Amino acid sequence: MSAADKIIEMSNELRWRLGNEFHDEITEGIYADAHEIVAETVTTDSRKGRNAADIAIDKIVTSKIWGFPIMFLILAIVLWITIIGANYPSSWLASLLLDTIHPALKDGANYLNFPWWLSGFLIDGVYLALAWVISVMLPPMAIFFPLFTLLEDFGYLPRVAFNLDYLFKKAGAHGKQALTMSMGFGCNAAGVVATRIIDSPRERLIAIITNNFSLCNGRWPTQILIATIFIGAIVPSVFSGVAAVAAVIGIAVLGMGFMFFSSWALSKTLLKGEVSTFNLELPPYRPPRFWKTLYTSLIDRTLIVLWRAIVFAAPAGAVIWLISNIDIDGYSIAYWMIHALDGFGWLLGLNGVILVAYIVAIPANEIVIPTILMLTVLVTGIHAGEGAGVMFELGSASETGELLSAGGWTLLTAINLMLFSLLHNPCSTTIYTIYKETKSFKWTTVATLMPVFMGFVVTFLVAQLWRIFFQ
Amino acid sequence: MESKNLKSACESCPQYNPNGLKKLGVDVEKYDFVVALAGNPNTGKSTVFNALTGLRQHTGNWPGKTVTRAEGGFQYNDQKYKLVDLPGTYSLLSTSEDEEVARNFILFGKPDVTVIVVDAGRLERNLNLVIQILEITNKAVVCLNLMDEAKRNHIEINTRALAKRLGVPVVAASARFNEGIPELINVVSEVANGTIVCKPHRIKNVPKHIDEAVKKLSEALKKQFPTLPNSRWIAFRLLEGDQRVLEALRTEEFNPS
Amino acid sequence: MNLSNPIQNLLLFAALALFLYLFFRPVNGWYWIIKNNLNSNRKVVIEDLLKQLYTSENAGTLITTNDLTLRLKYKNHQIIEVLQEMALTELIVLAGDQIQLTPLGREYAVKIVRVHRLWEKYLAEKTGFDKSEWHHRAEDMEHRLDHEATNELAVKLGNPIFDPHGDPIPSELGNMAEITGSSMVNLPVNTLGKIVHIEDEPDVIYKQILAENIHIGSQIRIVENTNKRVVFYSEGEEFILAPIVAANLTVEPLDAASILEEDAVRLSSLQQNEMAEILGISKECRGESRRRLLDLGFVRGTPIQIDLVSPLSDTKAYLVKGSSIALRTDQAAKVLIKKLG
């Protein structure tokens, strides 16, 4: 037996004799030392004590009366600033990237005598997808994340987690999930990264897997557009705006419902063996350093997420262009795919175009609507847009509505598209982020397939009930 | 109990040389010293890291922002330092992944200096970690961060007495406002170069039966590995059944190479 | 298949959902039943019989083939066949109707018990499974872990002496720590003691004990003990149990000298503006959660008070060593405090 083995043997023997309390006793011993040292070196002014302002703020933001109203007010303000504020730069970026630079690039390619397939592939495919993602995604994120980060740095967000913890506890989750979820309203990938603040393994996995139920900013425009066209149309025109907004909010709230439900189900089934250690420290308030926060949140969150989205969107643009332009037996690949999926799509109250769009637009939800429009033109032969494989959007909602109706859309298609936009697999940026955060193939698969499966079930049920009662 | 000739941060008045500092970001190919940055979550560890390296890791007001190990560097008086930001932990005694990373780096990575960032407003809880680290390494500096906040809450700390009690230099700082960072760099370089010799505090309040067991084990360890500076800590870990330490023992990793 | 009729589609869907439910529902799902049947090979039956014999022998009762057929879920002919095989391999001696373990059989049985209890310890320390699940998971695992894996597990857990219910875990050589103490129903009124063991079988009674939130390691004082009910005080609360439930709690009487804190109450009972001092963390709080609480400063002698109460009440933030740390009620119930006047 080697000397090392002898020492190990000895430690086993001693451990047996020391019993179960060893860890507790060591920690108590260390704290006893710490206590002595503090007693000798620290003086606290007992008359003044903790900063009175901090205590007062805490009492208000966690009070029974004011706690929730303040929370909702702040969330509403943040969302309002994001949506309103993002409108202008978004349309500005869109007109620059899509309406100015895109034609200019095409002209340049013509001038340089690019073959049609090369300019189509590069400019209509890759460039257009990137342009779309940037113009839709960048402005809201550049506003939402800094605002969120300011609240975080100030120390308010842990209080939100504290206020809401009971609800999340009921669902087997952690109060901090309220924040990763809110972050998901900005971007699911960022929401998944944010789950690092949850230090309990089980609750962190729950937060990662269910983050996709937060409607991210790539999906808000889809919801708003479809709701405006179809939901707004079924009520008197005075109320159409209100009805559309209510429908979108309804979908977002439904998403939270699904989030709670699947958190609960996961904690009772797949994840019940994972270790759960709840604790939540409420840090002191710190006045944020405005410009620094702005800078780091732009660099850390916005640009990183944008970069990832770009990396994934570029090949998607290429694929979209290719499937629309490569013909087999006289029809494009997209045409064949749409036909193959039409039956299944119909069963779900959707159609082949929507399913194909969701398959090729996995990388970014932002390009779903442009892809749907382009594919609708492709299969119906209506004269609109700029040709096969060139994604586009129409100037007004009513034009879009006409095109979609011509594509066979009904109110059921619209409702189910809104549901499916909420309940489908995360975008590939998010999937990749989930893999990076969990380092587990298994949990990435669960997080990817669970929502899309739920989407199939929900849209299927809605479609059948709709056909029984309304047709 | 601590030796009289110990130089604490304040006694060895910082002859700080501001022109000698160069923030190197992540550009740390060749370096003279490795500095580990440890501390509780949410003590501004990442802020200190950023202040030293000129990098800009995001630092939220949250426990547990830094999950992976971040590295950066700085140059001071023509010596290059590699700075390793360890995950923030409350302790080094448990089995969570973060604690294993931090513990194993300080124990096996043998940094030249370990800077322990401490929340001045919550000193007692932070000392839990400080005291554990001082069991592992002789070369440590305590950075008493968030002094501004402590003042706001009417907490005053006698840094001189604290340094004496802990046996390592203590630097008061408010890293958010860059206060105390120059002094910190100076003290780190002095500890790295051996100008300041630490004589760190060792855990006193160990129950008698544990103390006996630890003594027995640590003597056996010293006999086998005469150069081991932290046999007592290794003994604690063996009694906890730390797999990594057991493995190191089997593979003779504790022998001087 | 024509799927254009929505009613037919819904019926198909319902049928599929029902089938999946019947197949995969917990415990009684067909999938599990089939899986269990495939697993219940001879080895499993032998081991279950050995364990049953071992427990009865320890309880001092003799056991017959008839008892075994009543207690185990296997078919009668299977039990009889296996018993004969065990007699041949000298694990048991059949003396008429009675069955006795041979030393070899006893050794084997102790090994099974070791795996079972170690696995329960593992589940308690290293996983998040609920207490109510430990037993049946260990029942399954005890047949699957071989000798080496068991020893590895024991090392990984630091060679524990007791399982989470307070049962001693046999060492590799079969040595076991002794439990002193007696069943709660046998103790006279006014006994001071400590709960050292909670029996996890039968399941119904164990679930009742769990529902009462009774903790192992808690100090108790018995105030009433009749054949109708057993009443005791523990950690500032009163517990009333039916004797059949109390019989499953083992209590070690304490002499007056070793009574630490009779006025210990649970942190969950602390009110706003009350001051208290932490006495310790209950044995019920295990593994990572226990360590985390210790690290955060929940150690003996630390002053504690409520800082904030969440609007939804269940979660409260406590001021400990200068930090505000939020815990949920079920966690706070596992921290013992002494209120300061």
Side-chain angles (χ1 to χ4, degrees), chain A residues 12 15-16 19-20 22-24 27-28 30-32 34-35 44 50 55 58-59 62-68 158-159 161-167 169 175 199-202 269 271-284 343 346-347 457 460-461 463-468 471, chain C residues 3-10 13 17 26 123 125-130 133 137 155 158-162 171 177 280-281 283 287-302 307-317 319 321-331:
Chain A
N12 285 338
R15 193 186 309 136
W16 179 271
N20 284 337
F22 177 71
H23 185 88
D24 291 27
T27 311
E28 275 173 19
I30 294 171
Y31 264 116
H35 188 75
T44 316
R50 275 170 77 207
I55 296 176
D58 259 346
K59 288 272 179 256
T62 64
S63 82
K64 275 198 165 40
I65 304 168
W66 297 109
F68 285 101
R159 271 74 184 174
F162 178 67
N163 285 349
L164 290 171
D165 184 61
Y166 182 69
L167 294 180
K169 183 197 165 195
D199 58 0
S200 175
R202 183 199 295 171
T269 55
L271 291 172
K272 65 182 172 183
E274 302 291 319
V275 178
S276 162
T277 56
F278 174 83
N279 65 74
L280 170 63
E281 194 177 342
L282 301 178
W346 184 85
L347 201 59
V457 171
F460 169 82
L461 291 176
Q464 308 315 312
L465 292 172
W466 184 277
R467 283 167 189 155
I468 291 170
Q471 278 176 7
Chain C
L3 291 173
S4 60
N5 182 345
I7 297 179
Q8 169 214 309
N9 289 349
L10 280 181
F13 177 81
L123 293 174
E125 294 285 331
K126 308 276 179 181
T127 73
F129 287 109
D130 189 72
E133 287 200 27
R137 285 183 179 272
V155 171
N159 291 317
I161 309 169
F162 290 101
S171 72
I281 303 172
K283 290 267 167 291
E288 268 314 294
S289 343
R290 182 185 192 86
R291 285 165 181 237
R292 178 51 57 80
L293 284 182
L294 286 170
D295 291 342
L296 288 172
F298 287 78
V299 292
R300 189 193 305 270
T302 306
D307 182 25
L308 295 168
V309 179
S310 147
L312 300 171
S313 296
D314 186 73
T315 312
K316 296 191 178 103
L319 215 51
K321 296 194 192 289
S323 312
S324 184
I325 291 160
L327 297 182
R328 293 168 172 174
T329 307
D330 54 335
Q331 289 177 299

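Everything numeric here is computed off the predicted structure, so don't read it as measured data. Residue numbering restarts at 1 for every chain, and letters A, B, ... go by the order of the sequence lines.
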Practice problem: List the steps and the verdict of side chain to side chain contact (heavy atoms under 4.5 Å, CB included) for A:Leu461 and C:Leu10. | Solution: CA-CA 7 Å; A:Leu461 291 176; C:Leu10 280 181; 3.6 Å; yes
- Task: Please report the C-alpha distance between A:Tyr31 and C:Lys321 in whole Å, then the side-chain angles of each, then the deciding distance to 0.1 Å, and finally whether the side chain to side chain contact (heavy atoms under 4.5 Å, CB included) criterion is met.
- Result: CA-CA 10 Å; A:Tyr31 264 116; C:Lys321 296 194 192 289; 3.4 Å; yes
**Q.** Working for side chain to side chain contact (heavy atoms under 4.5 Å, CB included), residues C:Thr329 and A:Tyr166
**A.** CA-CA 10 Å; C:Thr329 307; A:Tyr166 182 69; over 6 Å; no
- Should C:Arg290 and A:Asp24 be marked as a salt bridge (charged side-chain N to carboxylate O under 4.0 Å, His left out) after you check the CA-CA gap, both sets of side-chain angles, and the distance that decides it? CA-CA 9 Å; C:Arg290 182 185 192 86; A:Asp24 291 27; 2.5 Å; yes
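Counting heavy-atom pairs under 4.5 Å between each of C:Ala17, C:Gly322, C:Ser289 and chain A puts C:Ser289 at the top. When C:Asp314, C:Ile325, C:Val309, C:Ile281 are compared by the number of non-hydrogen pairs under 4.5 Å with chain A, C:Asp314 comes out ahead. In terms of non-hydrogen atom pairs under 4.5 Å with chain A, the most contact-rich of C:Leu123, C:Thr127, C:Leu308, C:Asn5 is C:Leu308. Of the listed residues C:Lys126, C:Arg137, C:Lys316, the one with more heavy-atom pairs under 4.5 angstrom with chain A than any other is C:Lys316. With chain C as partner, the option from A:Arg467, A:Lys59, A:His35, A:Lys169 having the largest number of non-hydrogen pairs under 4.5 angstrom is A:Lys169. Among A:Leu465, A:Leu271, A:Val275, the residue making the largest number of heavy-atom pairs under 4.5 Å with chain C is A:Val275. The most heavy-atom pairs under 4.5 Å with chain A, out of C:Pro160, C:Ser4, C:Gly287, C:Gly301, come from C:Ser4.
Remark: the backbone N or O of C:Ser310 is not paired with any side-chain donor or acceptor of C:Thr315 at under 3.5 angstrom. A:Arg202 places a side-chain N or O within 3.5 Å of a backbone atom of A:Glu274 that can act as its donor or acceptor partner. With hydrogens and angles ignored, the 3.5 Å screen pairs a side-chain donor or acceptor of A:Ser200 with a backbone N or O of A:Thr277.
Neither the backbone nor the side chain of A:Ile55 comes within less than 4.5 Å of any heavy atom of chain C. If you measure heavy-atom distances from C:Glu288 to chain A, the contacts under 4.5 Å come from both the backbone and the side chain. With a 4.5 Å cut-off on non-hydrogen atoms, A:Asp199 touches chain C through its side chain but not through its backbone. When heavy atoms are compared at a cutoff of 4.5 Å, C:Lys283 approaches chain A solely by way of its side chain, counted from C-beta outward. Contact annotation for C:Thr302: neither backbone nor side-chain heavy atoms come within less than 4.5 Å of a heavy atom of chain A. There is no contact between A:Trp66 and chain C, counting heavy-atom distances below 4.5 Å. For C:Leu296, the parts lying under 4.5 angstrom from a heavy atom of chain A are both the backbone and the side chain. For chain C, no part of A:Phe22 is nearby; none of its heavy atoms comes within less than 4.5 Å. For C:Arg328, the parts sitting under 4.5 Å from any heavy atom of chain A are the backbone and the side chain alike.
The environment of CZ in C:Phe129 is crowded: more than 12 heavy-atom neighbours from other residues, nucleotides or ligands sit within 6.0 Å.
There is no side-chain donor-acceptor pair under 3.5 Å between A:Thr62 and A:Asn163.
Inter-residue side-chain proximity for A:Gln464 and A:Leu347 is flagged as met; some heavy-atom pair is nearer than 4.5 Å.
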